[in-house]
Amino acid sequence: MAKLNVNGRDVEVDADGSTPLLWVLREHLGLTGTKYGCGIAQCGACTVHINGQAVRTCVRPLASVSAGDEIVTIEGLSEDGSHPVQQAWRELDVPQCGYCQTGMIMASAALLAKNAAPSDDDIDREITNICRCGTYRRVRAGIHLAADSLAKDASKAGGAA
Amino acid sequence: MSLVNVSRRRFLVGSSAAGLSLGLALPFGARRAHASADFPDEINAWVVVQPDETVIIRIARSEMGQGTLTGLAQLVAEELDCDWNRVTTEYPTPTENLERGRVWQSFATGGSRGIRESHQYVREGGAAARMMLISAAAADWGVPASECSASKGTITHGPSGRTTSYGKVAGAASRLEVPEQVSLKDPKDWTIAGQPLKRLDTDPKVTGAQVYGADISLPGMLNAAIKQCPVFGGTVKSFDAAAVAGRPGVRKVVQVGDDAVAVVADRWWEAKTALDSLPVEWNFGEHADASSEAMAKIIGEALDADQAFVGNERGDAAAGLERAAKTVQATYAYPHQNHATMEPMNATVKYTDDLCEVWCPTQNGEGALATAAEASGLPPTQCQVYKLLLGGGFGRRGAIHDFVRQAVLIAKQMPGTPVKLMWTREEDMTHGQYHPVTQARLTAGLDDDGNVTAFRVRIAGQSILAGMMPERLGGGPDPVAFQCYAPDGDHAFAYDFENLLVDHAMRNPHVPPGFWRGVNANQNTLYTECFIDELAHAAGRDPLEFRLAHMKQHPKNAAVLKAVAEKAGWGEPAPDGVFRGLAQCTAFGSHIAACAEVSVKDGQLVMHRIVAATDCGTAVNPQQIEAQVEGSFVYGLSAMLYGECTVKDGRVQQTNFHNYPVMFIRDMPEVETIVMPSGGFWGGVGEPTIAVAAPAVLNALFAATGKRIRSFPLKHHDLSAA
């Protein structure tokens, strides 16, 4: 039995160590918000956070993750879907078919966590998830909107202090 | 939209087992638009109003990202005069449609027809429901219905000022006859339709709660992975099931039809890895030596073939060329493309001797139902298809439901056990229904003033209809091959040339073709609009002026072209090193134009900005039209930049996104969309802009480099300065 910490909960899974984390999340833990798109880390639909970093789980074996690693999936990004990126996505109606969007949101949230005000060049470099519907223009706008909203929250917090 | 559909909702709220078989008890073939004891809360087939004032609007067409679900709901809600904030949606099942005399009409969602083909009857459904709700309130009050009005779900009796709500009178309204005569609002009076409202299906897509076909889980469900013969038309010779029988989770190894093998296991990853190590022998069949080069040779020779189907002819093209002062000729080619939906093909099936249930993403629920019936051997009334939101469609999940057929054939070998079949990306890439491969030779004459004396197009190559539904052709021409070259209609050729001949020498390779978003409008518009640019250049005329001079009989096309030219600043200096290109067409009933701005730096194309205009006649949701236009550039330009499926030894060589690359966000130009509905017609939105994407960019690229690209994808060409 492998021990994992997923969305703040300690869980045990009975899976071979070679099983990609994607399939552990989807098939053992029922967390289907993380998607299978390519299986070779090209499309990013399977993106989750491990210790705050965006990770493509379709090529990440279970055995490479330890009980101390904090795994966050789209289901755990926020308690009630209120993460600034999720709110920006709603505000701009970013998703079309939506299948890639959970990975897109996780990649964007990880980018904002390390770079609170990403430039267009930063986005071009860091966001390499594939969307076939072609939502890229709104994804970019959504990241900027979420960054603005985070900045406002930060300045509010600063003002209160 | 949730998983809930009509049957399932009633299953949840009604008695346990009766719910799912509810539809089967209905009289077959009777067209029942009105409610009855079977549907107590239904006003009519399109509208359910619940006591808590929730309005459920039934949507027959499929949602795959294109926004049709929201647009259709807006149209019904507009005529219903309900409170938009209370609106939710549900899919009826195709079996229910069959049993109710096709009260919801077509379920097909392709050809950008979702709204333009059904707006009339869905609006009538909403209007009829409004009349019934008002009549029920008036009857309760004992006043004439003509003295009552409705707004946002509240009914008011004018003279007395009394009010009630839709939810309170829904029960009584549902017992009334559905009126046959209804009048519809003028679009200029719309307050829900025509507005840039938010989509209804966004929330679960940002929380991960949305259940796609790939995500479905049923009690006791097993998972299947499949491997099809790598060569199209080949078959299974043998496989060694015993070799993987002892692997973890493996339950069964089955042959699927004559060309595929599947492993069924507790979990999909177990099925997939077992399948990877399953020894399979194939009979590759007669196409084992086929190659893209051989196909290109056959198609290229057909450019000179004596016989071809004529798609559009006026005047005398040969005579027009004879008297030309100058003749221009060019040959273009367009490769196979894969749809590459983000969600790979999948379907989940539970089969028993008297019921075959299918959960799947499909662009045509009725097509999926027909496939389920054929594959299961059960009549359609003993099959159910529960549609799920699609993780991309683009034409791949509409015409041929190979994935449904396979899932039924697998589940039939395990009666009573639900089985989810999901393809790997590799299967998806190598067993698609590919954008047809064609070449075109275009020849035109110019007179001394640089006006066109004749325009001649020979298309050679693959026919989608011949590959997918040959019975519809009977050996005759494929009208779809002439998209954007048609004499009139949804795909009218949008130039005036008095001497015109367009024909098609059909040559069908063994690679299965399909309707790929934008279909033949894509390459046909690329051929035309790049060649028109060549003509303008040969005539020494401005590409905008040259086009406008030859499209006086196409004022709506001229209007969108002028709109993009003006907004992009055509005729004014572009930023340093930036060059512009134009394209226009009529496709899927809409008039479309684009102006692209590009530069070339170190041999690399940079797409800075595209201004696009759409005259779709009637705009149901302008912000979703913008989303479709933006997305169309990604789809069309991905193909232009990178897209090709090549064949060697009878099989497709591209297997995943590493060797079938598509655009990333870094490739995305700024897109400015002009939505300019001129009224009086309903044009499609999801596809037409794809057609102008590549030629606008290619014409800008020519302006930048002097290089005319005539074969694709662009990645094969050296763009560095000569």
Side-chain angles (χ1 to χ4, degrees), chain A residues 15-16 18-20 22-24 26-28 30-40 42-43 45 73-78 80-81 83 85-87 89-91 93-102 104-105 121 123-125 127-140, chain B residues 63-67 198-199 201-212 214-215 217 223 248 266-269 272-273 339-344 389-394 422 424-426 623-624 627-628 630-635 638 656-658 661-668 670-671:
Chain A
D16 189 87
S18 67
T19 308
L22 168 66
W23 297 102
V24 173
R26 288 180 59 82
E27 302 203 289
H28 293 259
L31 296 169
T32 55
T34 307
K35 306 300 186 192
Y36 166 67
C38 68
I40 58 168
Q42 289 286 305
C43 79
T73 71
I74 185 71
E75 291 88 349
L77 181 64
S78 61
D80 50 1
H83 186 281
V85 173
Q86 291 171 308
Q87 293 194 27
W89 255 235
R90 282 191 198 88
E91 176 65 26
D93 246 2
V94 173
Q96 291 188 30
C97 90
Y99 191 82
C100 74
Q101 293 295 333
T102 49
M104 198 72 87
I105 288 168
D121 284 347
I123 292 170
D124 286 347
R125 195 170 53 249
I127 303 298
T128 55
N129 298 47
I130 292 174
C131 171
R132 288 291 280 158
C133 295
T135 60
Y136 294 137
R137 184 174 177 275
R138 290 187 185 196
V139 166
R140 183 188 302 281
Chain B
E63 177 57 51
M64 50 189 156
Q66 84 283 32
K198 297 272 182 70
R199 296 173 66 113
D201 54 347
T202 297
D203 195 77
K205 292 177 178 175
V206 303
T207 62
Q210 182 65 51
V211 174
Y212 297 88
D215 304 326
S217 182
N223 290 272
D266 292 337
R267 297 190 170 92
W268 187 82
W269 184 252
K272 189 262 181 201
T273 46
H339 297 84
T341 62
M342 289 308 298
E343 181 194 23
L389 296 198
L390 289 73
F394 314 128
M422 188 161 71
T424 59
R425 174 61 58 194
E426 287 75 14
Q623 70 98 351
Q624 279 303 301
Q628 286 307 295
E630 291 161 15
S632 292
F633 284 109
V634 178
Y635 213 68
S638 287
N656 207 318
F657 290 116
H658 69 293
V662 298
M663 277 172 69
F664 285 169
I665 201 168
R666 64 170 176 255
D667 300 313
M668 182 72 192
E670 183 54 35
V671 174

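Note on naming: letters A, B, ... go to the chains in the order of the sequence lines (proteins, then strands), and numbering restarts at 1 for each one.
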Q) Counting heavy-atom pairs under 4.5 Å to chain A, which of W269(B), Y635(B), F633(B), F657(B) comes out on top? A) W269(B)
Q | Side chain / backbone / both / neither for M342(B) at chain A, heavy atoms under 4.5 Å | A | both
Q: Check each atom of L31(A) against the heavy atoms of chain B and say whether the ones under 4.5 Å are side chain, backbone, both or neither.
A: neither
Q.
Test your reading of the model: is there a side-chain donor-acceptor pair from E343(B) to the backbone of Y99(A), 3.5 Å cut-off?
A. no
**Q.** Side-chain (Y136(A)) to main-chain (D667(B)) donor-acceptor, under 3.5 angstrom
**A.** no
Q | No-hydrogen, no-angle side-chain donor-acceptor test under 3.5 Å, Q623(B) and D93(A) | A | yes
Q.
What part of L390(B) gets within 4.5 angstrom of chain A, counting heavy atoms only: side chain, backbone, both, or neither?
A. backbone
Q.
So for F394(B), is it side chain, backbone, both, or neither that comes closer than 4.5 Å to the heavy atoms of chain A?
A. side chain
Q: Check whether R140(A) gets within reach of chain B through its side chain, its backbone, both or neither, counting any heavy atom under 4.5 Å.
A: both
Q. Looking at Y36(A) and T424(B), what are the two nearest heavy atoms and their distance?
A. OH-CA, 3.3 Å
Q) Do you know the tightest heavy-atom contact between C133(A) and M64(B)? A) SG-O, 4.4 Å
Q: Examine whether an atom of S217(B) lies under 4.5 Å from a heavy atom of chain A, and if so say whether it belongs to the side chain, the backbone or both; otherwise answer neither.
A: neither
Q.
Run the side chain to side chain contact (heavy atoms under 4.5 Å, CB included) test on R90(A) and D203(B) for me, step by step, so that the C-alpha distance in whole Å, both residues' side-chain angles and the decisive distance to 0.1 Å come before the verdict.
A. CA-CA 7 Å; R90(A) 282 191 198 88; D203(B) 195 77; 2.5 Å; yes
**Q.** Derivation and outcome, side chain to side chain contact (heavy atoms under 4.5 Å, CB included), residues D215(B) and K35(A)
**A.** CA-CA 8 Å; D215(B) 304 326; K35(A) 306 300 186 192; 2.4 Å; yes
Q | Contacting moiety of N223(B), where chain A heavy atoms sit under 4.5 Å | A | side chain
Q: For the pair R425(B) (side chain) and G37(A) (backbone), establish whether a donor and an acceptor sit closer than 3.5 Å, ignoring hydrogens and angles.
A: yes
(Q) Taking every non-hydrogen pair under 4.5 Å, which of K198(B), M668(B), M422(B) racks up the most with chain A? (A) K198(B)
Q. Which one, R125(A), E75(A), R26(A), leads in non-hydrogen pairs under 4.5 Å with chain B?
A. R26(A)
Q. Which heavy atom of I665(B) sits nearest a heavy atom of I127(A), and at what distance?
A. CG2-O, 3.2 Å
Q. How long is the span from the CG atom in D121(A) to the CZ atom in R666(B), to the nearest 0.5 Å?
A. 12.0 Å
Q) How far apart are the closest heavy atoms of C97(A) and Y212(B), and which atoms are they? A) O-OH, 2.7 Å
**Q.** I130(A), part contacting chain B, at a heavy-atom distance under 4.5 Å
**A.** both
Q. Under the criterion side chain to side chain contact (heavy atoms under 4.5 Å, CB included), which of E63(B), Q628(B), K205(B) is the partner of Q96(A)?
A. Q628(B)
Q. Checking R137(A) side chain against V671(B) main chain: does a donor-acceptor pair fall under 3.5 Å?
A. yes
Q. Is it the side chain or the backbone of T128(A) that comes within 4.5 Å of chain B heavy atoms, both, or neither?
A. both
Q. With chain A, which of G392(B), G67(B), A340(B), P661(B) has the greatest number of heavy-atom pairs at distances under 4.5 Å?
A. A340(B)
Q) Based on non-hydrogen pairs under 4.5 Å, which of E630(B), E426(B), K272(B), E670(B) is most in contact with chain A? A) E630(B)
Q: Quick one: which of R138(A), Q101(A), Q42(A) has the most heavy-atom pairs under 4.5 Å with chain B, could you say?
A: R138(A)
Q: Walk me through it: do H28(A) and R267(B) pass the test side chain to side chain contact (heavy atoms under 4.5 Å, CB included)?
A: CA-CA 9 Å; H28(A) 293 259; R267(B) 297 190 170 92; 3.3 Å; yes
Q | chain B contact via E91(A) - side chain, backbone, both or neither, heavy atoms under 4.5 Å | A | both
Q: Report yes if some heavy atom in the side chain of C38(A) is under 4.5 Å from a heavy atom in the side chain of H658(B); otherwise report no.
A: no
Q) Roughly how far, to the nearest 0.5 Å, is CZ of F664(B) from SG of C131(A)? A) 12.0 Å
